[in-house]
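Data block below; observations after.
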Amino acid sequence: MEHYYQPEIECASREQIRAWQSERLVKQVAHVYKNVPYYRNLMDAKGVTPADIQSVDDLHKLPFLTKNDLRDAYPYGLLAMPLSDCVRIQSTSGTTGKRVVAFYTQHDLDLWEECCARALMAAGATKEDVVQVCYGYGLFTGGPGLNGGSHKVGSLTLPMSSGNTDRQLQFMCDLGATVLCCTPSYAAYLAESIHERGLRDQIKLKSGIFGAEAWSEAMRRDIQEKLGIKAYDIYGLTEISGPGVSYECSEQTGMHINEDHFIAEIIDPETGEVLPEGEKGELVFTTITKQAFPMMRYRTRDICILTREKCSCGRTHVKMCKPMGRSDDMLIVKGVNVFPSQIEAVLLAKGYPANYQIIVSRENNSDKLEVQVEMTPEMFSDAVREIAEKEKELIDALKAMLGIYAKVRLVEPKTITRSEGKAVRVIDQRNLYDNK
Ligand code: DLL
């Protein structure tokens, strides 16, 4: 049986959803124009005024926002409410320069948690369930979002946070967790550990909600089989709120976007032109109910397709497919957003030439990051011990920049293949977007 958190909204008619969107968009534009000088300037530069936005049909007239705008306006430049009305900050795992800081009023938190509650109920959670949340808690939105959603549903919530697999498994068995929330790679790791320790008979899990990174259908099958559960995808990003921007239902064929809060568009990433439904392009979101940190036409850089085909679950909100890639070079390694430019900045600051390669792989369902860096001829003549020290120094500097461990290998000058055109900076061996 399909469960809904807010059936009257989740299954509303298309006309009703459109009406909500138009009415809320007009209000949101007025709010932003009045309270966010940064965006007002963008609108003025494009010659658009709030009066030009009368319905969703006018959305395309508004200027885009990008991660660069968030960086330029850091930290308060896109805030639309007095700081004293805000009660929470969340942030992306990115670091200096790229860090996104999002603000929430109590109203914003409530709506975000309701979105997560919809996702949880779509995955079968009820007040009888025990929800084990092993997304990170803290600045990352995963833990707090699903935690809040679980409270709204009325489930018994286990705020485990990430890591400490022994303790996760002990609580899972002893307290009879029925719904698991974590990244798909951690779910696969837990599944393997359960299998190895022969705990399968002691777990009561029935479903899992896995997101924050790309995962394939093959990985879904593997997790479902090993844990004996139904595995649901969940998508979101800090800028827009966090997890629960969209979520899967029993059909498991894409994620319903909470259209009463977020308007989705697909654009051509080169030209910015809006593409018709069913075409593949970059996903863009406009928030229409947020108070503190509204995002107008925010370019996610996630490549995606939208579909409005009728869904057997009864929900009427548009569905997005699993993200199929990114239109920028951001990598997600161990759930942390990593830009090659951050790595390059560290290397240059430490006096290395910009000849490097970043290799991402996955072993035992855990991501590995390796940076191969060419030494200068002078460094190459150094003793082996000194080279090891240099590697250690780079490992520390990268850790400070990225927040995660990257293995560093200093290689002989001129060993990294030069290419004719763009340098191949990143080799991602994980085949994350191979959706078979
Ligand atoms: O990852 C929020 C989240 C937490 C989503 C827990 C789901 C569960 P950020 O750290 O800001 O927020 O990273 C957002 O992660 O633009 C996508 O590229 C990627 N991403 C998120 N969910 C998925 C997913 C959280 N289900 C960025 N599949 C997004 C593929 C995903 N990629």
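In this chain, residues are counted from 1 in sequence order. Just follow the structure's listing: the first ligand is 1, and inside any ligand the first atom is 1.
Taking every heavy atom of L237 and a limit of under 4.0 angstrom, the matching atoms of ligand 1 come to 11 (O), 12 (O), 14 (C). Counting atoms of ligand 1 from 1 in the listed order, those under 4.0 Å from a heavy atom of I234 are 7 (C), 8 (C), 22 (N), 24 (C), 26 (N). Of all atoms in ligand 1, numbered sequentially from 1 with element shown, those under 4.0 Å from a heavy atom of T141 are 2 (C). Within the listing of ligand 1, atoms 11 (O) sit less than 4.0 angstrom from a heavy atom of T92. The ligand atoms of ligand 1 that sit less than 4.0 angstrom from a heavy atom of D302 are 16 (O), 17 (C), 18 (O), 29 (C). Residue I332 has at least one heavy-atom neighbour below 4.0 Å for each of these atoms of ligand 1: 15 (O), 18 (O), 19 (C).
Among the atoms of R326, some N or O lies under 3.5 angstrom from an N or O of ligand 1. Ligand 1 has no N or O atom lying under 3.5 Å from any N or O atom of W215, backbone or side chain.
No side-chain N or O of Y135 forms a donor-acceptor pair with one of N147 less than 3.5 Å apart.
Cation-pi geometry between R299 and F64 is met: the NZ or CZ atom falls under 6.0 Å from the ring centre, inside 45° of the normal. Geometric assessment of R425 against the ring of Y356 yields a positive cation-pi assignment under the 6.0 Å and 45° thresholds.
Closest heavy-atom approach to atom 22 (N) of ligand 1 within the set A212, P144, C304: this belongs to A212.
For F140, the closest heavy-atom approach to ligand 1 falls below 4.0 Å. Heavy-atom separations between K322 and ligand 1 are all 4.0 Å or longer. Distances from ligand 1 to the non-hydrogen atoms of R301 include no value under 4.0 Å.
Only one option out of R24, R315, K319, R308 pairs with E259 in a salt bridge (charged side-chain N to carboxylate O under 4.0 Å, His left out); it is R308. Of the options K290, H261, Q106, Q291, a side chain to side chain contact (heavy atoms under 4.5 Å, CB included) to L111 is made by H261 and by none of the others.
Ring geometry for Y247 against H256 counts as tilted: the plane angle lies between 30° and 60°, on a 0 to 90° scale. In this pair, F285 and F262 present their aromatic rings perpendicular. The plane angle is above 60°, beyond the 30 to 60° band.
Side chain of Q252 to main chain of A231: a donor-acceptor pair is present (N/O by atom type, distance under 3.5 Å, no hydrogens or angles).
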